[in-house]
Amino acid sequence: MSCHVQSETSSTPFYGFCRRHVRAARGAFSPGVHAAEPFEVMHTDAEWRKRLTSQQYKILRQAGTERPFSNPLDHEKRTGVYVCAGCKLPLFSSQTKFDSGTGWPSFWKPLDKAVEKSTDTILGMTRDEVHCRRCGGHLGHVFDDGPPPTGLRYCMNGTALIFISKT
């Protein structure tokens, strides 16, 4: 089993065993942690459980998905920035947010050097998983049906984000 892990800031993909599959082989499956190298922010499983709510832990550390239309950030309209709930890294600007009608906060572009992508085949289809560059937390997925100028839809779990208003 091999993975394709690619940074948003690099066009060179890494093929091989990612941390998720190494841990799975050792019996410590943690799908939210998915990268070829250690992250800047790392905690033990017990530390993550203390730092995060149970829902944040499920999404960020176990690659869970919240129900559509269940998070108030889907309707957030104020000017500001969306940061990772795990490590507070700024991820998305409100200027790139749009209403995709999917029930999850959607953006057409992340902030520079904020996220990384990896290939996700868990549901029997190939999707591009998006995770925080700094802590590896699972954020959601990116699809190629978004608006101009990128044509991308970063479909994020609102629970994985914290909104910081600029107003």
Side-chain angles (χ1 to χ4, degrees), residues 3-15 18 20 31-37 39-41 52-53 55-167:
C3 301
H4 169 202
V5 179
Q6 180 174 339
S7 168
E8 282 289 307
T9 59
S10 169
S11 61
T12 306
F14 167 83
Y15 291 90
C18 67
R20 174 166 80 177
V33 180
H34 198 118
E37 298 177 15
F39 297 102
E40 292 174 39
V41 174
L52 303 170
T53 67
Q55 186 68 0
Q56 287 171 330
Y57 179 84
K58 178 184 171 192
I59 291 169
L60 288 164
R61 308 316 304 169
Q62 296 181 321
T65 301
E66 65 195 10
R67 287 188 342 263
F69 305 102
S70 66
N71 192 285
L73 290 185
D74 184 36
H75 304 290
E76 181 60 62
K77 304 286 188 214
R78 294 175 293 167
T79 300
V81 66
Y82 295 81
V83 303
C84 175
C87 69
K88 310 303 184 271
L89 178 70
L91 301 171
F92 296 94
S93 165
S94 62
Q95 294 177 343
T96 63
K97 187 173 187 282
F98 68 99
D99 184 2
S100 66
T102 61
W104 290 280
S106 297
F107 306 85
W108 51 264
K109 176 184 162 188
L111 295 173
D112 289 341
K113 300 179 183 177
V115 303
E116 292 181 341
K117 294 187 297 186
S118 57
T119 301
D120 172 1
T121 57
I122 290 177
L123 296 179
M125 63 180 123
T126 300
R127 302 183 297 172
D128 288 328
E129 177 187 359
V130 177
H131 56 272
C132 174
R133 173 200 50 85
R134 187 159 63 188
C135 73
H138 171 78
L139 302 171
H141 293 85
V142 62
F143 303 95
D144 62 2
D145 59 0
T150 64
L152 298 175
R153 172 174 52 97
Y154 284 81
C155 190
M156 302 294 100
N157 288 287
T159 302
L161 307 172
I162 295 171
F163 177 71
I164 300 174
S165 176
K166 298 254 180 170
T167 57

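No experiment lies behind these values; they were computed from the predicted model shown.
- Looking only at side-chain heavy atoms (C-beta outward), T150 and T96 stay at 4.5 Å or farther from each other.
- In this structure, H141 and H138 have perpendicular ring planes: the angle between them is above 60°, well past the 30° mark.
- The salt bridge (Lys or Arg N to Asp or Glu O under 4.0 Å) contacts involving residues 85-109 comprise nothing, where partners must be two or more places apart or lie in separate chains.
- Counting only residues at least two apart or on different chains, the salt bridge (Lys or Arg N to Asp or Glu O under 4.0 Å) pairs with a member in residues 70-81 are E76-R78.
- Aromatic ring orientation, F163 versus Y82: tilted (interplanar angle from 30° to 60°).
- Applying the side chain to side chain contact (heavy atoms under 4.5 Å, CB included) test to R67 and every residue at least two apart in sequence or in another chain returns S70.
- L139 places a side-chain heavy atom less than 4.5 Å from the side chain of L60.
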Passes side chain to side chain contact (heavy atoms under 4.5 Å, CB included), N71 versus N157? Steps please. CA-CA 8 Å; N71 192 285; N157 288 287; over 6 Å; no
F107 vs L161, test: side chain to side chain contact (heavy atoms under 4.5 Å, CB included). Steps then yes/no. CA-CA 12 Å; F107 306 85; L161 307 172; 4.1 Å; yes
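- For E40, the side chain to side chain contact (heavy atoms under 4.5 Å, CB included) partners are R133, R134, not counting sequence neighbours.
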Please report the C-alpha distance between V81 and L111 in whole Å, then the side-chain angles of each, then the deciding distance to 0.1 Å, and finally whether the side chain to side chain contact (heavy atoms under 4.5 Å, CB included) criterion is met. CA-CA 10 Å; V81 66; L111 295 173; 3.9 Å; yes
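- Screening residues 155-167 for salt bridge (Lys or Arg N to Asp or Glu O under 4.0 Å), with sequence neighbours left out, gives no hits.
- With sequence neighbours left out, T102 forms a side chain to side chain contact (heavy atoms under 4.5 Å, CB included) with S100, W104, S106, R153, C155.
- Using modelled atom types and a 3.5 Å distance limit, the side chains of Q55 and T159 yield no donor-acceptor pair.
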